Amino acid sequence: MSRDTIADIITSIRNANINRRGTVRIASANITENIVKILLREGFIENVRKHRESKKSFFVLTLRHRRRLYRSVFNLKRISRPGLRIYSNSEQIPRILGGMGIVILSTSRGIMTDREARLEGIGGEILCYIW
């Protein structure tokens, strides 16, 4: 795994979708926990369980799939990365698919969605798009 935990999360979910697996296992970290909570709250994943083996803890995510097509309902794209940080103020936060997708931001008040950041009137680092 690389040092970019957000890219690891996105890549794990994307690979599980390509391989048609229903569950994904990702390492546990504070930023990971916040992003997983947002995905669960917004309805992009069905279930989250936290497991602990020996001294390491991890999350097991159950992906939400369409019934007959067995394709994931969502796509993910990493925007800001360690080599190139992308920041936005509250007025310039992009809208994904006209508001149907979400943008996950890292703000001074924690990790939140674009809708929450616009309501609070704060900007931050754009972590990823989900649609």
Side-chain angles (χ1 to χ4, degrees):
M1 292 179 78
S2 67
R3 303 262 182 211
D4 189 7
T5 57
I6 299 166
D8 291 339
I9 297 168
I10 291 171
T11 302
S12 297
I13 293 172
R14 192 179 302 127
N15 288 343
N17 184 32
I18 291 170
N19 294 328
R20 296 184 178 185
R21 290 184 298 164
T23 61
V24 179
R25 181 176 161 172
I26 57 175
S28 177
N30 287 338
I31 194 163
T32 305
E33 185 174 353
N34 293 331
I35 291 173
V36 166
K37 284 179 184 177
I38 289 174
L39 291 175
L40 185 63
R41 185 177 63 229
E42 295 289 328
F44 289 107
I45 57 177
E46 286 184 19
N47 191 13
V48 177
R49 295 181 310 243
K50 189 170 185 177
H51 288 284
R52 186 170 179 87
E53 287 181 4
S54 62
K55 294 181 181 179
K56 296 183 180 181
S57 60
F58 58 92
F59 292 107
V60 177
L61 310 177
T62 305
L63 300 178
R64 185 177 300 269
H65 291 283
R66 293 183 183 148
R67 294 294 174 221
R68 296 199 177 182
L69 299 177
Y70 203 79
R71 285 191 302 187
S72 180
V73 176
F74 64 100
N75 294 315
L76 301 107
K77 183 177 180 184
R78 176 78 160 123
I79 301 302
S80 185
R81 49 192 172 90
L84 179 62
R85 304 285 186 185
I86 307 294
Y87 296 96
S88 176
N89 60 18
S90 62
E91 292 84 29
Q92 295 177 342
I93 297 173
R95 294 184 189 272
I96 306 303
L97 293 178
M100 295 192 58
I102 64 170
V103 177
I104 296 181
L105 295 148
S106 176
T107 66
S108 59
R109 296 185 190 160
I111 295 177
M112 60 179 63
T113 64
D114 56 338
R115 285 179 228 125
E116 295 168 346
R118 280 191 201 98
L119 285 175
E120 294 189 21
I122 57 175
E125 180 184 354
I126 299 174
L127 299 178
C128 61
Y129 296 158
I130 302 173
W131 71 95

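Quick note: residue numbers are just sequence positions, from 1. Values reported hereafter were calculated over all heavy atoms of this structure, with side chains retained and with hydrogens, waters and symmetry mates removed. Computed from a predicted structure; not experimentally measured.
- Between T32 and I9 the shortest side-chain heavy-atom distance falls below 4.5 Å.
- Sparse packing is recorded around CZ of R95, with 12 or fewer heavy atoms of other residues, nucleotides or ligands lying under 6.0 Å away.
- A continuous path of ILVMFWY side-chain contacts below 4.5 Å connects I111 to V48, so both sit in one hydrophobic cluster.
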Criterion salt bridge (charged side-chain N to carboxylate O under 4.0 Å, His left out) on E53 and R25, from CA distance to verdict: CA-CA 12 Å; E53 287 181 4; R25 181 176 161 172; 3.6 Å; yes
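- With salt bridges taken as basic N to acidic carboxylate O contacts below 4.0 Å, one links E116 and R41.
- V103 and M112 end up in different hydrophobic clusters when Ile, Leu, Val, Met, Phe, Trp and Tyr side chains are linked at under 4.5 Å.
- Proximity of D8 to I26: side-chain heavy atoms (C-beta onward) are nowhere separated by under 4.5 Å.
- Here the side chain of R78 pairs a donor or acceptor atom with the backbone of L127 at under 3.5 angstrom.
- With hydrogens and angles ignored, the 3.5 Å screen pairs a side-chain donor or acceptor of N19 with a backbone N or O of N15.
- Salt bridge annotation for R115-E120: absent, with no cationic side-chain nitrogen under 4.0 angstrom from a carboxylate oxygen.
- Side-chain contact between D114 and I96 is absent, with no heavy atoms from C-beta onward closer than 4.5 Å.
- Using a distance-only test at 3.5 Å, with no hydrogens or angles considered, a donor-acceptor pair links the side chain of S88 to the main chain of I93.
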